[in-house]
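Owing to the predicted nature of the structure, the values given are computational and were not obtained by experimental measurement. So you know, we letter chains A, B, ... as the sequences are listed, proteins then strands, and number each from 1.
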Amino acid sequence: MKDKNIQPIRGMSDVLPGQTYLWEYLEDTVRAWLQSYGYLNIRTPILEKTDLFVRSIGETTDIVEKEMYTFTDRLNGESLTLRPEGTASCVRAVLQHNLLYSGPQRLYYTGPMFRHERPQQGRFRQFHQVGVEALGYPGPDIDAEHIIMCERLWNKLGLTGIKLRMNTLGSVDCRARYRERLKKYLTPFGNKLGDSVRNRVERNPLRVLDSKDPALQPIIDGAPRLLDDIDEASRKHFEELQATLRRAGIAFEINPRLVRGLDYYNLTVFEWMSDKLGAQNTVCAGGRYDSLVEQLGGKPAPACGYAMGIERLLALLQEGAAVAQPADVYLVHQGEAADKFALQVAEKLRDSGIRVIVHCGGGSFKSQMKRADSSGARFAVIIGDDEAQAQQASLKPLRESGEQIRTGITEIVDMLRKHHV
RNA sequence: GUGGACGUAGCUCAAUGGUAGAGUCCCGGAUUGUGAUUCCGGUUGUUGUGGGUUCGAAUCCCAUCGUCCACCCCA
């Protein structure tokens, strides 16, 4: 059964009803939270021209070098890629439709992303992100807004143990200068570094800084620090951000080695990490990308944003953070007249906002009652021929004590209302 | 991409190289129109797949697919 049937693709999983209520809870909470900060939803295609990601994320990043689902469109030979992240598409769409013409934009998106990595805890080939982007805002005030709003979300969701780490990469020029300096420093260590690391020194030296390889630690510790040689404007930006966060009572740690995996970042970068997730412990990360808009062909515009991993947030939700919402009423019916009447009753109950499952498929009262019970509904409404004859129904509580009562339909609606259904 | 652990009923798991089992779930019944508890009865498998060793393989070997965890990397 497992081999003969078609299996899902490795690292891509079905989310079943036993889990989806948690997803829906999270999605609802997140949407309300985003709206409370005035962010507007944007939806872009999942598939884009490969070049969009290569140009925005960076040719020498792991994502572009080995993790993208890229294929050729058979019909016209174009190279297409399933989006590995959302920022590039979002910026592309903003440029396409000149959204910045009418001023800065606060946007968000949610949906699946795709990276061809080996799956493990907290890492999937299809995973889901909520992304938040603010375009056209230059100052550290928006950086601070992003971080403060994250903290609010963790509180709303009841998540604990999530810590903030920040760094600044300086301006684009500053970052480029530092890159060369770092390269100069690292190159002499060539032999000590493995091939892969040496390659990285050549192509993307900043990535060496956040390596976990213990052998590299002494070398990394001795490396020049970007923070020590940052231009005045960048320093001021970072300091203002810190001051705002302190006023908001948000704890953070500055980690000079924090470098993000995507090339487009500059100035502020940050990362929220959990202590409960195993090796993949980043639940949310982002920063500023002031050059990306121009890089993708737009008029220069500052921007910053971040993304969080839905699966990782779900893994942190406390047991019982949300409960599945069963129907209020399971409607049991038997007999020709009862079957017809039951449908009318069900619609009437729904008119009053009551959630009703109508039993389908016939069967004895006993078997129908079993279904009623296992559906989780709080009440059974029972209609046999006797009730149908009298245009009545019987209401039986399934989760609490109380007698079964036979009465008219409007009375049943009233009684259900009294029970806060 | 590299490494380690693991694949037995829908689910959770047993079974020294000797007939593949339990719990749960599901279905039916316990005075004919009433659930979850209790009691009785019943169904459930190409032991992931393909080879090999053996008189005999769920068990040992090889390959393959998949899952999990870690490396790497990241949300």
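The base of rU34(B) lies outside donor-acceptor range of the side chain of Lys366(A), with no N or O pair under 3.5 Å. With hydrogens and angles ignored, no donor-acceptor pair under 3.5 angstrom links the side chain of Gln368(A) to the base of rU34(B). Contact annotation: side chain of Gln404(A) to base of rG33(B), donor-acceptor pair absent below 3.5 Å.
Spacing of C1' atoms, rA70(B) relative to rC55(B), comes out at 44 Å, to the nearest Å. Comparing the C1' positions of rU49(B) and rU8(B) gives a spacing of 14 Å, expressed to the nearest Å.
The separation between Asp386(A) atom CG and rU32(B) atom P is 15 Å, rounded to whole Å. Between the P atom of rC27(B) and the NZ atom of Lys370(A) lies a distance of 6 Å, rounded to the nearest Å. Following rounding to the nearest Å, Met273(A) (CE) and rA75(B) (P) show an atom-to-atom distance of 12 Å. As a whole-Å value, the separation of His116(A) NE2 from rU2(B) C1' is 14 Å.
Judged by distance alone, with hydrogens and angles left aside, the side-chain atoms of Trp154(A) form no donor-acceptor pair with the main-chain N or O of Lys163(A) at under 3.5 Å.
Figure legend: Arg106(A) and Tyr137(A) shown as a cation-pi pair, the cationic atom lying under 6.0 angstrom from the six-membered ring centre and within 45 degrees of its axis.
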Using a cut-off of 4.0 Å between protein heavy atoms and nucleotide atoms, how would you tag nucleotides 66-73 of chain B 5' to 3' with B, S and -?
SS-SBBBB
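Look at rC72(B): it lacks any Watson-Crick or wobble partner with both distances under 3.5 angstrom.
When heavy atoms are screened at a 4.0 angstrom cut-off, Glu65(A) is found touching no nucleic acid atom at all. Backbone-only contact: Ala285(A) has heavy atoms under 4.0 Å from sugar-phosphate atoms and none from a base.
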